[in-house]
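Here's the structure we're looking at; comments come further down.
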Amino acid sequence: MTATIQSIEAVLVDIPTIRPHKLSMTTMGLQSMVIVRIKDSDGFEGLGEATTIGGLAYGPESPESVKLTIDTYFTPQLLGKPAANINTLRVDLGRSVRGNNLAKSAIETALLDLMGKRLNRPLAELFGGAVRQHLPVLWTLASGDTDRDIDEARTLIAARRHCDFKLKIGSRPLMDDVRHVAAIKAAVGDEASVRVDVNQAWDESTAARGMAELQAAGIDLVEQPTPMKDFAALARLSAKFHIPILADEAVADASDMYKLAAEGFSGAVAMKIAKAGGPLRALEQAAVAQAAGVGLYGGTLLEGTIGTAASLHAWATLDHLQWGTEMFGPLLMKDDIVVQPLKYHENGVDLPNGPGLGVEIDEDKLAEYRRK
């Protein structure tokens, strides 16, 4: 008899960060996550996660709205349905609920984890198998203080924990940001790749000036310099400079990727399972990007270990991951809610190899950080 979905629980969890994490639109000192637990009629449990960066300052979904959507709309529709019919469930949710990709991603991840555990196989094998067991991971230097960021970068390079770094800019005057970034690049030299994330803070003319300065400073990549849906600006800027642009907020799914590529954009795309609506949709986006000659980058919404593990299983199946990944979310948090944290070493992270996601909830830690 086919196992059916018996229960769905969405739990709000708040974990402090190890330091303030500065973005162009807000500064984070706490990461809030929605942990999804789906149990089937045979007693197996699948885990999923939905996380945002800075709540509604970043995008249209908040942790609170994700929980509400799952509790009020998704759960009644999914209870009693065959747990293994993931594609059918995805289609049904897509027809009954518009948008809400973060909530959909958490549900899809939990269903995939559940299937992996039933089959006793790692999640990556459900996507055809991993082509790599260790993935590169960069680190974001986001204190905003130049000397502190330089010291942090040098410490991490020496420990072989990271050799690629991203800087959050866009909240200060342009040349203040340029001087900050250029000083860090000069300090680390050829030992590290330095990229910047503008988080949509510039208009096109400011971006043109900024990219010229950053190109001269030896910066390797500029992430989302202009507003998210101004595809034409991204295409024009990508044609004007040899420093590549990384499209992030502009591209949520395969459809967005197709439209941006059709505008003439060349560069790279930050794939995020939450933006796409789940790991399967993110891999569809990767296929379109590869066909268009756009480079791939494994992006994050600063997920905890559960969401990070789901992303790693998807990215591990890609043969070309030109710009590596930024799956450092668990390292930004002061604590974890899983029994065995991910293993970060040699400038990257190992792919979990247990059934499903390969992670297990620590019930005591979950109770400690669960929102009361």
If you draw a 6.0 Å radius around [atom1] in [X], do more than 12 non-hydrogen atoms from other residues or ligands fall strictly inside?
X    : atom1 : result
H345 : NE2   : yes
K81  : NZ    : yes
R371 : CZ    : yes

Q. Are side-chain N/O atoms of S96 and Q77 paired as donor and acceptor at under 3.5 Å?
A.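 Their side chains do contain a donor-acceptor pair, which is all the 3.5 Å distance test asks for.
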(Q) Ignoring hydrogens and geometry beyond distance, is a side-chain donor-acceptor pair present between S205 and D203 at under 3.5 Å? (A)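 S205 vs D203: donor-acceptor pair found between side chains.
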With a 4.5 Å limit on heavy-atom distance, are the side chains of [X] and [Y] in contact?
X    : Y    : answer
E49  : L357 : no
S32  : T52  : no
L78  : Y73  : no
E61  : N100 : yes
Y297 : L138 : yes
Q290 : D319 : yes
K104 : F74  : yes
I361 : I35  : yes

Q: Run the numbers on M333 and M33 for side-chain contact (heavy atoms from CB on, under 4.5 Å), then give the verdict.
A: CA-CA 12 Å; M333 301 179 203; M33 302 173 280; 4.1 Å; yes
Does [X] reach the main-chain N or O of [Y] with its side chain, forming a donor-acceptor pair under 3.5 Å?
X    : Y    : result
Q224 : D248 : yes
Q31  : L302 : yes
Q215 : I243 : yes
D253 : S255 : yes
N101 : K275 : yes
T317 : A314 : yes
R281 : S105 : no
S41  : A3   : no
N347 : H162 : yes

Under a 4.0 Å N-O cut-off, is there an ion pair linking [X] with [Y]?
X    : Y    : result
K117 : E360 : no
R90  : E108 : yes
K168 : D197 : yes
K185 : E213 : no
K240 : E204 : no
K67  : E64  : no

Q | Under the salt bridge (charged side-chain N to carboxylate O under 4.0 Å, His left out) test, residues paired with D40 that sit two or more places apart | A |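 D40 satisfies salt bridge (charged side-chain N to carboxylate O under 4.0 Å, His left out) with R118 only.
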Can you tell me how far apart [atom1] ([X]) and [atom2] ([Y]) are? Round to the nearest 0.5 Å.
X    : Y    : atom1 : atom2 : result
L156 : F328 : CG    : CZ    : 11.0 Å
K166 : I219 : NZ    : CD1   : 13.5 Å
E303 : I273 : CD    : CD1   : 5.5 Å
L318 : L283 : CG    : CG    : 6.0 Å
D147 : I184 : CG    : CD1   : 9.0 Å
D164 : W323 : CG    : CH2   : 9.0 Å

Distance-minimising heavy-atom pair for [X] and [Y]:
X    : Y    : value
P122 : N353 : CG-O, 3.8 Å
A142 : D149 : N-OD1, 4.1 Å
Y369 : P16  : CE2-CD, 4.1 Å
A235 : S238 : O-OG, 2.8 Å
T325 : P136 : OG1-O, 2.6 Å
H180 : T146 : ND1-OG1, 2.6 Å

Q. Given E363 and R37, is the salt bridge (Lys or Arg N to Asp or Glu O under 4.0 Å) satisfied, shown in steps?
A. CA-CA 12 Å; E363 300 293 349; R37 310 180 76 168; 2.6 Å; yes
Q) Going through the distances and angles, do E326 and R195 end up as a salt bridge (Lys or Arg N to Asp or Glu O under 4.0 Å)? A) CA-CA 11 Å; E326 59 178 19; R195 302 106 181 254; over 6 Å; no
Q.
side-chain contact (heavy atoms from CB on, under 4.5 Å), that's the test. Do F165 and E152 meet it? Break it down for me.
A. CA-CA 10 Å; F165 299 98; E152 187 175 351; over 6 Å; no
Is there a continuous path of hydrophobic side-chain contacts, each under 4.5 Å between heavy atoms, that joins [X] to [Y]?
X    : Y    : answer
V194 : M175 : yes
I18  : V338 : yes
L89  : V97  : yes
F241 : V269 : yes
L68  : V11  : no

**Q.** Residue among D176, D177, L174, N199 satisfying side-chain contact (heavy atoms from CB on, under 4.5 Å) with I169
**A.** D177
Q: Check step by step if side-chain contact (heavy atoms from CB on, under 4.5 Å) holds for Q285 and D256.
A: CA-CA 8 Å; Q285 177 188 349; D256 287 340; over 6 Å; no
Q | Those residues that, when tested against F127, pass ring-ring contact (aromatic ring centres under 6.0 Å, His included) (two or more places apart) | A | none
Q) Please, which pairs that meet salt bridge (charged side-chain N to carboxylate O under 4.0 Å, His left out) have at least one residue in residues 337-359, sequence neighbours excluded? A) R160-E346
Q: Given side-chain contact (heavy atoms from CB on, under 4.5 Å), test V251 with Y258 step by step and report yes or no.
A: CA-CA 9 Å; V251 180; Y258 175 81; over 6 Å; no
